[in-house]
Novice: 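Before I ask anything, here is the structure I am working with.
Just so it is clear: chains get the letters A, B, ... in the order the sequence lines come, proteins before strands, and each one is counted from 1. Note that the coordinates shown come from a computational prediction; the quantities given were computed from them, not determined experimentally. The analysis underlying the following values was restricted to heavy atoms, covering all of them including side chains, and did not include hydrogens, waters or symmetry mates.
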There are 2 protein chains.
Amino acid sequence: MERIEQFLESRNIRITAIRLLVYKFLAEKKVAVALGDIENAFEKVDRTTLYRTVKTFEENDIVHQIDDGTGIAKYALCEAGCHCDIKTDLHLHFHCSHCNETVCFTDRKIPQIKVPQGFVAENVNLVVKGLCDKCSCI
Amino acid sequence: MERIEQFLESRNIRITAIRLLVYKFLAEKKVAVALGDIENAFEKVDRTTLYRTVKTFEENDIVHQIDDGTGIAKYALCEAGCHCDIKTDLHLHFHCSHCNETVCFTDRKIPQIKVPQGFVAENVNLVVKGLCDKCSCI
DNA sequence: TCGATAATGCACTTCCGTTGCATGTGATAA
DNA sequence: TTATCACATGCAACGGAAGTGCATTATCGA
């Protein structure tokens, strides 16, 4: 827990109980979580607070937002050294249509995409949908 | 207009004035449109009717839905012969963060994606964000 | 300890997607 | 032609999620 405190302080984020708990929650989850998941985990805490907590994390490159096509934004902790930079930190996400979980494949980089003349690519989002390893063998 | 009628009839879709107009609207647009865009174009027509019109088109493989990461579903006419099949009809989309338009790059197929053992890929969504040809030279 | 600044909680709004139900319209069969 | 039926349309309303304004509370620094 102290490591988390140090980490947040290094990002100039004020330490609060909620922020520590939310960070811990995200760190323990292996998959990307929606705001609703966090709300369910902390029922006593106001929605808005959790919303703003995650937003603060996002603004400081602690989490990155994932659009997995469900229409609900999900969040996952960035890897160490991640600055959510377009060129280096892109990876693809996998959304399981059965259990509805979204995981990051941080080791699978997105292949270079060529766009037509005149277009400027700044960001790439690649989501593969299907069955995850847990659901595919059912 | 008669060609549109024939086309819709061939898909077993009953011809109505609204459906013809919506189809025409989609055909004239070079970019993917949101339901809100259609609503603005046909202010006299009820939201729900337009919603269900597009849904009917989607169910009959006349349009395909695009998730460009804005959180708002967009729609574009399928190409001739498109059945929105996972294996053959995938293409990438480009979302311009300046003019907010989304275009289909139907000629750019998505490269083969490898997923870890145990995962089953059924669908791929790839959206490139950046500046389109119109906005990049401003 | 005090004051400034930021975090939290509450109420509220907006937007989009979606559904239920009543009404209108167009095709079909008697 | 008329009766009937299926489907299209319009209206109202709901629900989820994102977002905002403001009052209150907590935290940090002087």
Novice: Ignoring hydrogens and angles, does a donor from either the side chain of A:R52 or the base of C:dG9 sit under 3.5 Å from an acceptor on the other?
Specialist: yes
Novice: Without decimals, in angstroms, what is the distance between B:N12 CG and C:dG26 C1'?
Specialist: 16 Å
Novice: Over how many whole Å does the gap from B:I18 atom CD1 to C:dT25 atom C1' extend?
Specialist: 12 Å
Novice: For a 4.5 angstrom cut-off between non-hydrogen side-chain atoms, does A:R11 reach A:D61?
Specialist: yes
Novice: What residues join A:L131 in its hydrophobic cluster, counting side-chain heavy atom gaps under 4.5 Å, either direct or through other members?
Specialist: B:V120
Novice: Any ring pair (Phe, Tyr, Trp, His ring centres under 6.0 Å) involving residues 32-54 of chain B? Give me the pairs, sequence neighbours left out, ordered by first then second residue.
Specialist: B:F25-B:F42
Novice: With a cut-off of less than 4.0 Å, is there a side-chain N or O of B:T16 near OP1 or OP2 of D:dT9?
Specialist: yes
Novice: How close or far is atom P of D:dT20 from atom CG of A:D46, stated in whole angstroms?
Specialist: 15 Å
Novice: Check the distance between C:dA7's C1' and A:E59's CD and give it to me in whole angstrom.
Specialist: 14 Å
Novice: Report yes if some heavy atom in the side chain of B:L92 is under 4.5 Å from a heavy atom in the side chain of B:V127; otherwise report no.
Specialist: no
Novice: Between atom CD in A:E9 and atom C1' in C:dA7, what is the gap in whole Å?
Specialist: 16 Å
Novice: Can you check nucleotides 4-6 of chain C for protein contacts, nitrogen or oxygen pairs under 3.5 Å, and list what you find?
Specialist:
none

Novice: Apply salt bridge (charged side-chain N to carboxylate O under 4.0 Å, His left out) to A:E28 and list each qualifying residue two or more places apart in sequence or on a separate chain.
Specialist: A:K24
Novice: Nearest whole angstrom, please: distance from the C1' of D:dA17 to the CG of A:D37.
Specialist: 13 Å
Novice: Determine which pairs satisfy salt bridge (Lys or Arg N to Asp or Glu O under 4.0 Å) with at least one residue from residues 64-73 of chain B, sequence neighbours left out, and list them in order.
Specialist: B:D68-B:K74
Novice: Before giving the answer on side-chain contact (heavy atoms from CB on, under 4.5 Å), spell out for B:L8 and B:L20 the whole-Å C-alpha distance, their side-chain angles and the decisive distance to 0.1 Å.
Specialist: CA-CA 9 Å; B:L8 292 182; B:L20 287 173; 4.1 Å; yes
Novice: Sugar-phosphate atoms are those with a prime plus P, OP1 and OP2; base atoms are the rest. Using that split, label each nucleotide of nucleotides 12-18 of chain C B, S or - for protein heavy atoms under 4.0 Å, 5' to 3'.
Specialist: B---SBB
Novice: Quick check: does any side chain N or O of A:N60 sit under 3.5 Å from a backbone N or O of A:I62, one acting as donor and the other as acceptor?
Specialist: no
Novice: Using whole Å, what does the distance between atom P of nucleotide C:dG9 and atom CZ of A:F42 come to?
Specialist: 12 Å
Novice: Please state how far atom CD1 in B:I38 lies from atom C1' in D:dT9, giving the value in whole angstrom units.
Specialist: 16 Å
Novice: Using only atom types and a distance under 3.5 Å, with no angle test, would you say the side chain of A:S136 pairs donor to acceptor with the backbone of B:G118?
Specialist: yes
